[in-house]
Structure formats: C-alpha cells, structure tokens
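Presented below is the structure to which this report refers.
Worth saying up front: this structure is predicted, and the values here are computed from it rather than measured. We count residues from 1, following the sequence as given.
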Amino acid sequence: MNNPLVSVIVPTKNSSKTLEACLESIKNQSYKNIEIIVVDNNSSDNTKVIAGRYTERVFNKGPERSAQVNFGVEKSNGEYVYKVDSDFVLDSEVIDQCVNEINKGFDAIVVHNSPDVRISWIAKVRKFEVDMYKYDIIHSSARFIKKDIYGKIGGFNEKIIAGEDYDFQNKLNRGGYKTGFIEAEALHLGEPTDFWKHMMKYHEYGKDFVNYRVNNEEESGKQLSFFRNVYFKNWKKFLLNPFMAIIFIIYNCFKFGFGGIGYLTSFMKKGGEIKVLLIGTHGQNNIGDELLLETFLFQLRKIDNISFFVNSYQPQKTREDFKVKTFHTLNEKHKLLFYIFDCDLLFFAGGSIVKELYSDYGRDRYSVLNILILLIIFTKRIGRKKIILSNVGIGPLNTEKGFKKSSYILESVDFVSVRDSSSLSFGEQVNKKIQIEVVPDAVFSLDRVYFDLSGRNIDLFSGVNVIGLNLCRNIAKPEVWDYFILEMMKVVIGLYKKNNMIRIVGIPMQFDYSCDDYETLSLFRDKIKNEIPDINFEILVLRSAVDVARVINVVDLVIAERLHCSILSTIIHTPFIALEYDIKVKSYLSEINLEKSGFDISFDFNSENVLKRIEDISSNYSKERDYLKNISAKKKNKVDSYFAKIRKMIKDFK
C-alpha cells in the first residue's frame, strides 16, 4: 500500500491553550491520509469542544496518558499509529517523512521534539540539551510505529507515569525492532515557565522512576545517568556556548537533585502513612520547649499511622526520648530539605514563632522571621506542601519591616492558631484578611493525671511557706536587670522577716548546671545568702516537665519568670506570681484574667507590690486554688476540642 492510513492519537487533559494549534498542524500535514483520534481525560475546560472542530472521534478515558494512548490505538483504523501530545505543533512534513522512512524497512520512527525557545529561558536550556539527543537512540523514543508492532510489545506501560516513553523504546529495542529517525520536528509549546514548578515535576517523576527501573533495570543506568555519553560526543557545543553550558550544568544539578530526592523518598513511603515535619525549639535543655514537643506528639499520635521528623540541637537525645526521626537544627540542613520533600505536612508546634528578637539575644532582630520566610518559601513554592502554625505566639513586632515579614509568613501558611489575644491582635495588625484562631497553649491539654500527681505533700521539704522560684536572665531591657534583682532580693528578705521558717526552692526550667536558669538562680541565691546566711534556699536539678510539675505540686507558691512554669502552676492549681519579662507572659495573664499576679520586670518593678500580692494570695489561698482549677479545666476542654479539629484537618490534607 503506497498511501496507508495513519492514526494520530492525541491524549488531552485541560489542553485548551495549545490543542487548536496542535490539531491545526496535524490537519495541515502534506500527507493527507490520516485520522485524528482525541482521547480526553475528563477535562474541565473546553478541550472537547476544540477537539470536536477537527474530528468526530473524541473519546473520554483515564486515568493518565499511557492508558489514553492505548485506548486510542484500540479505536484506530490505521496501519500506522502516531502519538502526538496536545502541546506539540508538527512541521508539515512530519508524517510524510515518517511514512517514507518506515517504508525503508523500519518498524518505528523517532520524531524529534524541539522546545519552543520563545516560551522561557528554561526552554532555551532544554533545547541546548535535547538537541543533542536528536539521533541518539538511548535518549530518544519512537512515537510513530506500525500498529501491529505496537500490539506485539504491549503498547505503553500504564503502571509507569514517568519514563513511559523510555520504557516503550526499550521494549522495541529488546524485541529486535528497528527504529529510524527523520529530519522534520515537532515543536513543544508546553515548555515550563516557573522554575520551581518545573523542578517539582522532576521530583514527582523521581518518585515514579522506581517503577521504571523495575521494568528497565539494564537500560535505566544509562538513561537516568547524570553523565551521559551524548554530552561528551557534543563537547564542541559546550565550548562554543560556554555561558549556556554553565547554565545547563546548574540546571541539571537541580533537575537531578529534585528527581533524586523524589526517587529516594519513594523507598521510604509506607502505604497510607502520614508524615509530619514538626518544627520547634527542641534539644536546648529547655523543659518548657520539650513539654510542648511532648504535648504535640501526645495529641497528634492519636492519628493512626503517623510518623514525625523533628529538628533538635541534640538529635540523638530527642530521638531516644520521643521515638521520632530527628535531624540537627543547624548542622543537618540537607536533611531538613529531604524531609520537606518526604513529608505530607510542615507543622510548627507552639512557641513564640513570629517575632522580632530583643537586643539581649545578640542576633539580628529579624533573624527568626528571615529563617521562617526561607523555610516557608521552600516548603510552599518548591515542596508544594501544607503548612500549619499551631498554638503559636506572635510578637513582639515593633517595626514596619517586622510587620511586612510577618504578613508574608502568615498569608503563606494554610492554617494559623495563636495562644493568646495579644498574638491575635498582632496578627490582625499584620494582615486583617488572614483567619486566625485563638486557642489555649497546647500544654493545657495535659492535666494533673498526666503528670501522675498525688495529693499535696507539704512535708516533702519539712517546712511550711515553701516558695518555688524560677528565674532566667531574659528581659526586654537588659540595663534594668540589676535593679530587678535588687528588688527581688527585697521580696525574699521581706518574706523571711515575716517568717524566718520560709523555704526557697529554685526551679530551673532547664536540664543541667551549665544552663542559664541554674546559673541565674545560683547567683541570686549567693546574693541572698550574703544578706541572710541561714535562709533555707535549695536549687533543684530537674530533668523533665514531670519533675517540675511534682515540685510545683508541693510548694505553696510559685514565683516564675518562664511562661510554662506559670502554665504548669495553673494546671496543678498552685498559686503563682508571674515575672513578666516578655509580652507572652503578660498576654497569658490577660487570657486567664489574672493580671494582678503579674509584674513587669523591665518597667517599675516594685518589691512592695509583689509582697502585697503574696499576702493577698495567702489570705485567700483556697479561693486562689479553686480559681486556677476552674481556669485549667476550661482551657483543657477548649484545647482538646481544638486538637480533635487539627487531627481531622491533617487526615484531610493527606
């Protein structure tokens, strides 16, 4: 037969932008004995309408393009079949040259696909590469083939999403079928314009290359290699275009990097497992931070088949204590990137996340905000993952630059909840359009039972009027620290003068002697001992939140600087004085309507006012405890309902 029928199969999926140009180029082929078969996959645009203008043979089939092409071949009547993607425009001689070439004794023909360099700079880089493959059988794939041969090799493998063209050509080669090339080309209109979306495509391809390698173990080594023989064969091209060569090498590093990560993560995925990358301040010997991590894991592990990646400054300790996968916060950033790709969700677990730093931190005030922005950009734009900020603190924010950075962060995440109304106020000032939910601090989901507390046991310390004291050298105005310490000494001296049986128990909210809490308490104790040598002042070494909770349970009163020492006091119903070193402490007291128990250590801290409040607590001790009991019960109910909502949200994200 000198003029055999050629069936052109065009798989489509929301292809309205390019389909008309594609079908027009098929219609205008110099070879006229063709039939056009369009196989659509449930398009929601007007793809089928456009297809109907060029052919009556429009079908619907899924779930993806290999199945569509196989279905189109089944419906075809031609001696030859030719797969043309809907974003290609054919040179007018393509089909004519294919028929002529196949009549020379070939079974299949490669039509070179050339990127349209008008689309983007990425297209120019891709053309630099793919033009090297024009007559290279290792990195090319036949699309024009004898129909009977198509059936013999089983068509396209519908289990392979990425690399199906390679797989198709490998089956032709293994079957001993001859493949030829033509000069005419197909112009690819669907070139990428967004670099990161393009890289994520390779990341998704990488996940599926596991399936490809199972069926193409021998060939895949060459076809998926970073260093390809065809590059060395075209070495002159690199010398003649040095700038493009450099861009190409960088591009390829990204492409293989993203594809490689996808390939590796495909081995790690377990069926139905939800993977959460949980970010916070962990492994810094801070009992409050570790308690937050413990709380979030306790709540989220109520989801079946869930696992966690957690950052930590002591990854081995965190891994052993909490049974999670870990990476070092500073020294293993490569693992962070890997886990972003592998996770289903990035979850910020409590803490003061969106804030400018005080001057006493010794770092740029925007450093936390800058790190957050980079992490969120990478996760959203490159990783394409969901992000939750849960039970976080917002503020302090004191500059226009800080507000702008915070606005970008908040509007980029999928869900935000804050732990107090002050954080909500900051959030609304940052961006009024953002929906922010106010919920209690996550730790309120725990209770006395969780900490395994028995009844109060004052005799544990063999004394009465036991004061638990927590200090840390955190303060908004470092220059007033010495004044604050002098006034705090007056508080202790005043209590001792009233009752020389007073006992002070230091409660460091950090793990060991080298930490700030222990050092600050030790210096304070030494100053007090100089004034009152016989005062009973002991500093405990506490290893966990349970240890802290049990101490708080047996003291009469807590004087606390750190937020979670005050929160634990509330949960355990032990009256407390809060030393407001930070807006988060002040905000917490406002949330529980206990402003009278808070004293700002940076502004007009007065020992007489503190002593007066302590006397008031002593006079109404049962009432104070009952109030805290009522508050903690309400907070627990609210945060339990919230976590139920979060668990459902995470399962829906999956």
Side-chain angles (χ1 to χ4, degrees), residues 279-281 288 292 346-361 363-377 379-381 386-444 474-478 562-564 566-567 578-595 598-604 635 638-639 642 645-646 649:
I279 298 294
T281 307
L292 272 176
L346 175 60
F347 194 102
F348 290 92
S352 297
I353 298 293
V354 184
K355 66 179 180 180
E356 297 174 27
L357 297 181
Y358 292 123
S359 58
D360 63 326
Y361 277 87
R363 287 186 285 161
D364 177 78
R365 70 189 308 157
Y366 305 115
S367 59
V368 172
L369 295 177
N370 291 336
I371 291 170
L372 272 177
I373 288 172
L374 289 174
L375 186 54
I376 286 171
I377 287 174
T379 303
K380 291 296 288 186
R381 290 185 58 81
K386 300 289 187 180
I387 303 176
I388 289 178
L389 296 181
S390 183
N391 306 75
V392 301
I394 299 178
L397 298 171
N398 300 312
T399 66
E400 183 179 353
K401 191 174 181 180
F403 273 92
K404 286 182 178 179
K405 289 176 180 288
S406 301
S407 179
Y408 179 83
I409 292 167
L410 296 181
E411 68 187 13
S412 299
V413 303
D414 297 281
F415 178 80
V416 184
S417 68
V418 295
R419 65 190 176 200
D420 52 56
S421 56
S422 175
S423 295
L424 175 63
S425 177
F426 272 118
E428 289 176 340
Q429 291 176 59
V430 164
N431 194 322
K432 288 183 170 59
K433 297 179 181 179
I434 300 168
Q435 294 295 316
I436 301 177
E437 184 172 340
V438 182
V439 295
D441 190 285
V443 173
F444 274 106
N474 289 337
I475 190 168
K477 295 176 65 176
R562 289 196 182 271
L563 173 64
H564 282 97
S566 294
I567 289 176
L579 303 174
E580 298 171 354
Y581 77 91
D582 187 283
I583 190 172
K584 62 190 176 188
V585 181
K586 188 183 295 288
S587 298
Y588 172 64
L589 294 174
S590 177
E591 284 297 303
I592 63 173
N593 297 313
L594 209 58
E595 293 93 337
F599 299 89
D600 194 325
I601 67 175
S602 292
F603 300 95
D604 299 325
K635 295 290 185 185
K638 188 171 183 179
V639 79
Y642 166 77
K645 172 184 173 180
I646 285 293
M649 186 184 300

Minimum heavy-atom distance between [X] and [Y], given as atom pair plus value:
{"X": "Gly402", "Y": "Leu397", "answer": "O-CD2, 4.1 Å"}
{"X": "Arg419", "Y": "Ser352", "answer": "NH2-OG, 2.7 Å"}
{"X": "Ile394", "Y": "Ser423", "answer": "N-OG, 2.9 Å"}
{"X": "Ile436", "Y": "Gly427", "answer": "CD1-CA, 3.7 Å"}
{"X": "Gly351", "Y": "Leu292", "answer": "N-CD1, 3.6 Å"}

Q: Report yes if some heavy atom in the side chain of Lys355 is under 4.5 Å from a heavy atom in the side chain of Phe426; otherwise report no.
A: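 No, their side chains stay 4.5 Å or more apart.
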
Q) Side-chain contact, heavy-atom cut-off 4.5 Å: Ile567 with Phe444? A)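 Ile567 vs Phe444: side chains touch.
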
Q | Sole candidate of Lys405, Lys401, Arg365 that passes salt bridge (charged side-chain N to carboxylate O under 4.0 Å, His left out) when paired with Glu356 | A |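 Checked Lys405, Lys401, Arg365 against Glu356; only one passes salt bridge (charged side-chain N to carboxylate O under 4.0 Å, His left out): Arg365.
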
Q) So with a 6.0 Å cut-off around CG of Asn370, is the heavy-atom count from everything else above 12? A)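 Yes, CG of Asn370 has more than 12 neighbouring heavy atoms, counting only those of other groups under 6.0 Å.
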
Q | Any donor-acceptor N/O pair, Glu591 side chain to Ser421 backbone, under 3.5 Å | A |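 Side chain of Glu591 to backbone of Ser421: a pair is present.
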
Output the distance between atom [atom1] ([X]) and atom [atom2] ([Y]), rounded to the nearest 0.5 Å.
{"X": "Phe603", "Y": "Ile475", "atom1": "CZ", "atom2": "CD1", "result": "9.0 Å"}
{"X": "Asn474", "Y": "Ile601", "atom1": "CG", "atom2": "CD1", "result": "8.0 Å"}
{"X": "Asn398", "Y": "Ile583", "atom1": "CG", "atom2": "CD1", "result": "8.5 Å"}
{"X": "Leu369", "Y": "Tyr408", "atom1": "CG", "atom2": "OH", "result": "13.5 Å"}
{"X": "Leu563", "Y": "Leu579", "atom1": "CG", "atom2": "CG", "result": "12.5 Å"}
{"X": "Phe348", "Y": "Leu375", "atom1": "CZ", "atom2": "CG", "result": "4.5 Å"}

With a cut-off of 3.5 Å and sequence neighbours excluded, list every side-chain donor-acceptor pair involving residues 386-393.
unit_1, atom_1, unit_2, atom_2, d
Ser390, OG, Tyr642, OH, 2.7
Asn391, ND2, Pro440, O, 2.8

Q) Which is it for Asp441 and Lys635 under the salt bridge (charged side-chain N to carboxylate O under 4.0 Å, His left out) test, yes or no, and what are the steps along the way? A) CA-CA 8 Å; Asp441 190 285; Lys635 295 290 185 185; over 6 Å; no

**Q.** Distance-only donor-acceptor check, side chains Gln429 and Ser425, under 3.5 Å
**A.**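 A pair is found: one side chain offers a donor N or O, the other an acceptor, under 3.5 Å apart.
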
